[in-house]
There are 4 protein chains.
Amino acid sequence: MPAPGVLAATLVRPGEYEIREYPLPEPGPGCVLVRMEMSGICGTDKHTFQGFTTQYGGRKLEFPIIQGHENVGTVAAIGGDGRFADFEGEALFVGDRVVVGANVACGRCYYCTHDFPYYCCEKTTDYGNNLSAAHPPFLFGGWSQYIYVVPGSFLVKVPDELPSEIAVLTEIFAVTVGLDRAKAMSAFPSESFRFDDAVVVLGVGPLGMCFLMKARMLGAGTIIAVDKSEYRLNFAKRLGADFALNAGTTSAGERLQMIKDLTHGRGADLVIECAGVPEAVPEGLELLRIGGLLVEAGNFSDLGEVSFSPHRLICAKNARILGVGGEEPAAYGPGMRQMARYMKQYPLREFVSHRYGLRDVDAAMRKSMEADSMKVVLEPWQ
Amino acid sequence: MPAPGVLAATLVRPGEYEIREYPLPEPGPGCVLVRMEMSGICGTDKHTFQGFTTQYGGRKLEFPIIQGHENVGTVAAIGGDGRFADFEGEALFVGDRVVVGANVACGRCYYCTHDFPYYCCEKTTDYGNNLSAAHPPFLFGGWSQYIYVVPGSFLVKVPDELPSEIAVLTEIFAVTVGLDRAKAMSAFPSESFRFDDAVVVLGVGPLGMCFLMKARMLGAGTIIAVDKSEYRLNFAKRLGADFALNAGTTSAGERLQMIKDLTHGRGADLVIECAGVPEAVPEGLELLRIGGLLVEAGNFSDLGEVSFSPHRLICAKNARILGVGGEEPAAYGPGMRQMARYMKQYPLREFVSHRYGLRDVDAAMRKSMEADSMKVVLEPWQ
Amino acid sequence: MPAPGVLAATLVRPGEYEIREYPLPEPGPGCVLVRMEMSGICGTDKHTFQGFTTQYGGRKLEFPIIQGHENVGTVAAIGGDGRFADFEGEALFVGDRVVVGANVACGRCYYCTHDFPYYCCEKTTDYGNNLSAAHPPFLFGGWSQYIYVVPGSFLVKVPDELPSEIAVLTEIFAVTVGLDRAKAMSAFPSESFRFDDAVVVLGVGPLGMCFLMKARMLGAGTIIAVDKSEYRLNFAKRLGADFALNAGTTSAGERLQMIKDLTHGRGADLVIECAGVPEAVPEGLELLRIGGLLVEAGNFSDLGEVSFSPHRLICAKNARILGVGGEEPAAYGPGMRQMARYMKQYPLREFVSHRYGLRDVDAAMRKSMEADSMKVVLEPWQ
Amino acid sequence: MPAPGVLAATLVRPGEYEIREYPLPEPGPGCVLVRMEMSGICGTDKHTFQGFTTQYGGRKLEFPIIQGHENVGTVAAIGGDGRFADFEGEALFVGDRVVVGANVACGRCYYCTHDFPYYCCEKTTDYGNNLSAAHPPFLFGGWSQYIYVVPGSFLVKVPDELPSEIAVLTEIFAVTVGLDRAKAMSAFPSESFRFDDAVVVLGVGPLGMCFLMKARMLGAGTIIAVDKSEYRLNFAKRLGADFALNAGTTSAGERLQMIKDLTHGRGADLVIECAGVPEAVPEGLELLRIGGLLVEAGNFSDLGEVSFSPHRLICAKNARILGVGGEEPAAYGPGMRQMARYMKQYPLREFVSHRYGLRDVDAAMRKSMEADSMKVVLEPWQ
């Protein structure tokens with residue numbers, strides 16, 4: 001039986017963490033208590049820390065918050081009759097290693113009942129984000145020794161061969177379902193994300209890097225990574241990029257020319273925007289060939305407006321934009337199995353670049369915002 | 001045999017027409033001479049007249065130009081061996097009534113050989129637009145007594161039951177293939193243009209009106225027309241719209257509220273942008289429900305930039321944008337047959353609101369820009 | 001308050017009905033009691049009556065059964081806290097007229113959690129079919145004065161303007177989501193169910209007739225109905241078919257020739273198989289053009305095997321087959337609203353051709369199998 | 001300058017080859033003469049040799065035939081003005097190594113003008129197959145020292161890094177566009193060929209092996225190869241299969257059980273039929289999970305009929321079938337580039353298992369039909 005006091009890094013307001021102690025809860029019916037092993041720092045966590053607290057086009061966050069929605073741990077206790085099936089139907093037992101689904105869809109709104117991706121739920125609640133630590137049982141984020149899993153959540157068992165430092169990428173990797181959608185998003189073959197297409201990834205932080213790997217797994221041709229960090233660009237090449245462009249030392253015009261040179265003068269077939277700044281959207285459209293597709297996944301927090309020409313960048317190009325605001329439960333298991341396959345050829349185990357204990361949460365957050373880090377994680381029991 | 005001199009309204013520079021006389025050409029091999037019956041004035045024609053002469057994201061027009069690419073006429077002479085099959089494979093003969101395909105794709109560029117829609121051709125040439133009257137045989141537009149059809153063009157025979165004042169809509173109606181693409185543009189059912197979807201059409205000039213009719217034909221639910229012209233809004237209701245909103249007497253906020261009220265508070269499933277001004281793009285995105293689709297078909301000429309929030313209008317909404325820069329040859333025949341069906345229930349014959357002879361081209365152009373007109377046509381032999 | 005004894009036509013074994021009396025149940029939490037107004041006889045009901053009791057590729061039915069899954073009635077009582085939202089989110093009250101969703105998906109199997117259509121549920125239970133009257137509260141079918149709605153079911157409110165004799169078609173009409181899927185089922189535009197496509201419907205009993213109407217609503221071109229009943233063929237023409245072929249007086253070869261004659265020698269773009277006999281599948285494939293699509297919706301019960309040539313009918317034709325085993329909840333509301341629109345132009349109110357009281361269930365069943373009937377319904381209170 | 005007499009293995013009737021000498025032709029305008037380096041033996045070649053000479057659902061072959069449509073060689077002479085662009089737009093010169101497109105679409109039939117895959121052309125002519133050696137300039141197949149390329153054909157330049165023994169696979173690999181279509185063939189995510197899907201390949205001869213590789217490249221999960229040849233099964237595992245089932249030593253029932261065991265009891269998500277016998281079609285459907293997809297690519301020649309249950313294998317399963325009758329020009333270049341990538345990790349250079357000179361054509365044909373061969377090629381100058 002674990003100790004009665006549970007420690008958790010708690011964001012009491014933007015910019016300020018406290019290590020607080022919470023009572024260890026008993027899981028109720030349909031609930032699960034998970035002992036945390038590792039939890040990632042996500043771009044959203046950084047935005048919240050910085051004070052960009054408006055999400056989903058208008059919802060505000062309620063503090064304090066125990067952050068952390070990229071969570072790996074082991075089942076500590078199962079509430080009710082002690083039975084809980086993982087998302088793929090397998091029975092879970094105490095001690096099983098699991099990834100915790102990041103969001104809980106309501107299951108009742110129009111979007112939930114009408115075959116929408118689950119992140120379209122109007123009332124989605126998110127671990128480590130809009131589930132506030134103001135209300136018991138408090139432990140709704142992964143930067144804590146335990147996380148409390150509420151009814152309607154999903155857990156996915158981690159394959160034995162997958163190390164936890166890769167399993168912790170599962171949630172962010174699942175956001176790449178945007179590319180699966182892009183495969184199907186076609187009336188003309190030319191509108192699909194096609195086999196051997198030239199792909200540009202704008203921003204190869206953790207999310208962009210996952211999209212880069214997914215593009216490779218789905219049959220991309222030339223992949224070009226763009227970022228300001230040489231560290232990240234080098235890692236992108238080791239994870240499957242063919243070319244890397246430093247956005248810190250080139251102008252937008254130079255980048256356009258370089259990408260045209262790599263694509264027979266046409267521009268990229270597919271651009272994936274993961275830089276997360278508004279300006280990256282018109283630049284991404286500029287880089288597209290006629291009829292190309294921009295996957296917009298980066299602007300998850302509101303960083304303002306940007307100006308663009310609908311004629312030149314959309315209509316005259318027959319361009320398409322696909323907004324991707326989240327991941328899908330059905331993508332967790334496939335993602336873990338495919339990363340287990342991928343790690344045999346690529347240095348995926350180095351994706352987690354830095355690890356910190358709970359008490360070093362400030363240092364962890366700072367490091368995650370520096371150019372020489374990739375995925376930074378917290379290990380609540382270290 | 002027709003008279004030796006062919007009269008054509010010729011745009012010598014933006015804003016200035018001259019009626020010029022040209023020699024009657026003999027069609028060469030693979031060419032056809034068509035005696036014009038009726039030719040529409042399109043939004044692009046108006047923009048060129050006004051001096052917005054940049055198209056396709058950067059190409060400039062060469063003057064003088066005989067405008068007119070929405071063309072109905074009869075086959076006057078066939079070059080070479082006298083044989084020419086229409087686009088659907090039927091042999092054409094002198095006297096047959098035909099619609100002339102508006103564009104000629106090169107057939108050799110990357111886009112032409114790689115299964116792209118034909119309007120993606122890098123070197124497309126357009127009747128009445130970028131085929132200049134500076135070069136013989138000059139007659140490359142429909143505001144002329146004859147039009148000269150070059151090799152690589154396509155003609156589509158008009159069904160006997162379809163009056164010419166409806167056949168003249170064929171080209172613009174064919175642009176609505178954007179909606180067929182929207183039907184297929186889905187990985188999730190929720191991403192398609194679905195059966196019974198609530199559709200907003202921004203701008204119900206001739207192009208928007210065609211999209212409105214096509215939406216109805218493809219199973220739309222509630223259709224809401226938005227325009228500044230009461231004349232056009234009234235006609236939209238007679239052609240299939242359920243509701244009409246006057247953009248001249250309402251604010252953007254009022255329109256958003258009205259559309260939310262008509263859609264259970266969710267917003268439109270599909271917005272079709274045919275207003276043709278940059279500002280309509282962010283307004284269209286604003287009107288969408290989560291996961292909705294904006295078909296951008298209006299900004300065919302370059303009218304400048306507009307500012308928008310990638311977070312709020314794309315990423316947080318999981319919105320999608322589909323740029324539609326033109327029509328497809330394969331859409332001409334189906335469009336004519338379906339308009340023949342539609343005209344049994346809707347007053348489609350009133351779509352052409354005004355007719356002018358060649359010498360009244362200035363009056364015709366003015367009328368086409370007034371709020372109390374729908375499709376204005378020239379009848380070169382009147 | 002209704003009388004304590006509830007009468008229901010009960011199929012005690014294939015071929016034998018008894019009118020039995022059941023206790024009136026109190027609805028439990030999450031349950032609803034619906035007072036029946038009208039319930040259709042479906043092809044599945046006929047097959048069960050005839051002894052074809054194997055469904056879903058192997059599952060057997062448990063007798064006795066109160067049949068009836070095409071149900072319209074009014075809310076009589078709501079269990080638990082008295083609150084129940086309809087499928088589109090609207091609160092229901094006693095007295096509201098509703099359609100009862102025909103199936104209950106388990107919500108937990110692989111298919112339910114992985115974005116499959118709900119009829120793919122491995123453990124689906126069906127009102128009037130595999131929910132047996134052997135177990136309390138017994139009233140699981142619509143050929144009864146009351147139907148008992150269990151948790152996990154869905155109800156959809158009927159629009160005021162829609163008469164019950166059309167609302168009773170909602171479930172069967174919802175099976176036509178197969179055509180919506182066909183719209184999206186394309187990598188090439190040629191693979192979609194395209195605008196103006198030539199459509200053949202094999203078998204225009206109630207299901208085929210709904211597909212015929214849906215094809216028209218989604219922009220079909222020429223529609224050709226094939227059936228052995230002149231009565232049904234005549235009605236098909238009144239509901240939107242352009243041509244009708246009597247399969248009783250023509251050979252397969254003659255039908256092939258007639259359909260080629262109507263399609264420029266190419267064959268049908270789309271064939272919808274609703275005849276429900278194995279032989280209709282190879283005939284349907286034969287009628288297709290190159291690259292055509294067969295929607296297979298008719299063989300819901302197991303009537304045996306049939307022989308065909310994979311080379312000639314699939315591979316050499318690049319043909320596609322789409323099996324459609326059921327309907328979707330999200331199709332009920334849109335279907336009702338679109339039928340309300342359609343009935344303004346087509347004699348949809350005549351679709352229900354015969355009405356019977358409960359005690360005439362044998363006559364009703366016999367009539368439903370005769371060539372001069374369309375939808376036959378039971379009215380349990382008549 | 002090459003010698004005046006050109007040697008070619010000529011199939012004078014089924015089962016009988018002669019080495020004949022033909023005059024060396026001068027290429028006419030739009031034509032190219034290619035000096036052959038290597039030409040594969042395809043399943044169709046074997047069927048023709050065995051006397052199955054009916055293709056495309058009814059067309060007969062005209063003898064004599066110089067077989068060979070999987071062709072790699074170098075440009076020897078270009079007709080007309082000496083200019084010829086490869087399919088991707090690059091200018092070709094004498095000495096360039098190229099793959100010769102296997103088919104010539106007419107460009108004028110309904111299918112060619114209406115956005116169909118090129119193999120849907122009604123009048124397609126095929127090198128090494130239905131282009132007979134009865135007519136000058138005779139050299140229409142690759143089992144010859146030179147092949148004569150007619151107008152309307154396409155050539156694709158071979159990347160320098162790709163050895164000819166892999167480039168010779170380009171045509172057959174291009175048939176796997178069926179899988180790209182499967183990616184897009186979805187209204188529901190569950191209908192697509194999904195990321196991490198379990199894939200069964202029935203028959204891992206050269207075509208099946210290409211599909212297996214393509215499935216891996218597009219993100220398949222577990223891949224299971226089924227064949228009667230241990231030699232081929234072993235090679236399948238080296239090229240990316242996870243499991244191999246010997247169809248010669250197991251019953252259909254045992255295979256079904258084994259595949260269910262590997263797929264959580266559900267069956268395969270995707271089955272690719274490349275065994276080429278009618279019986280493989282119902283077995284493939286049997287192996288599918290609910291809502292699964294069968295890609296039917298094997299029955300290119302007519303080997304007769306087979307019996308199946310439309311209820312159990314199509315309707316009750318919501319199964320889908322996609323007939324794939326050929327390859328696409330746009331797939332050649334991407335295929336070559338991706339095979340160049342793949343060969344870095346997989347022993348793709350061993351795919352060509354046997355090489356023969358022209359005079360050993362009988363031995364080559366025999367070997368291609370034996371279980372211990374993979375792709376067998378002819379080298380006309382050896």
Side-chain angles (χ1 to χ4, degrees), chain C residues 54-58 110-111 114-117 119-122 177 180-191 264 266 273 277-278 280-281 289-291 294 296-326, chain D residues 54-58 110-111 114-117 119-122 177 180-191 264 266 273 277-278 280-281 289-291 294 296-326:
Chain C
T54 300
Q55 300 173 342
Y56 295 108
Y110 175 84
Y111 297 99
H114 281 74
D115 302 316
F116 280 73
Y119 52 76
C120 288
C121 169
E122 283 181 317
V177 288
D180 298 283
R181 292 166 65 195
K183 276 282 179 194
M185 188 182 168
S186 62
F188 270 85
S190 54
E191 293 182 338
H264 303 269
R266 292 191 295 266
E273 195 289 291
V277 292
V281 173
R289 65 149 162 78
I290 295 172
L294 176 76
E296 165 50 34
N299 282 276
F300 187 75
S301 297
D302 197 346
L303 274 76
E305 300 213 334
V306 68
S307 185
F308 83 117
S309 160
H311 164 69
R312 212 167 54 75
L313 294 180
I314 304 281
C315 200
K317 263 201 178 180
N318 301 291
R320 287 158 303 124
I321 300 180
L322 171 62
V324 176
Chain D
T54 299
Q55 301 172 342
Y56 295 110
Y110 175 84
Y111 297 99
H114 281 73
D115 301 317
F116 280 74
Y119 51 75
C120 289
C121 170
E122 282 181 317
V177 289
D180 297 283
R181 292 166 65 195
K183 276 281 179 194
M185 188 183 168
S186 61
F188 270 86
S190 53
E191 293 182 338
H264 303 268
R266 292 192 295 266
E273 195 290 290
V277 292
V281 173
R289 65 150 161 77
I290 295 172
L294 176 76
E296 165 49 34
N299 282 275
F300 187 75
S301 297
D302 197 345
L303 273 76
E305 300 213 334
V306 68
S307 185
F308 82 117
S309 159
H311 163 69
R312 212 166 53 77
L313 295 181
I314 304 280
C315 201
K317 264 202 177 179
N318 301 292
R320 287 158 304 123
I321 299 180
L322 171 63
V324 176

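In what follows, every chain begins at residue 1, and chains take the letters A, B, ... in the order their sequences are listed.
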Residue pair [X] / [Y]: nearest heavy atoms and the distance that separates them:
X	Y	value
C/G326	D/N318	N-OD1, 4.3 Å
D/P310	C/G304	CD-O, 3.7 Å
D/C315	C/N299	CB-O, 3.4 Å

Any side-chain heavy-atom pair of D/Y110 and C/H264 under 4.5 Å: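 Heavy-atom side-chain distance check fails, nothing below 4.5 Å.
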
4.5 Å side-chain heavy-atom contact, C/I314 and D/I321: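 A side-chain contact exists here, since the closest heavy-atom pair is under 4.5 Å.
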
Would you please classify the geometry between the C/F300 ring and the D/H311 ring as parallel, tilted or perpendicular, with 30° and 60° separating the classes?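 Plane angle over 60°, so perpendicular.
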
Which answer fits C/A297, side chain, backbone, both or neither, if we ask what part of it has an atom under 4.5 Å from a heavy atom of chain D? backbone

Engaged part of C/Y111 at the chain D interface, taking heavy atoms whose separation is under 4.5 Å: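 The answer is the side chain of C/Y111.
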
Please round to the nearest 0.5 Å and tell me the distance separating atom CD of D/E122 and atom CZ of C/R289. 11.0 Å

If you tally heavy-atom pairs under 4.5 Å between each of D/V306, D/V281, D/L294 and chain C, the highest tally belongs to D/V306

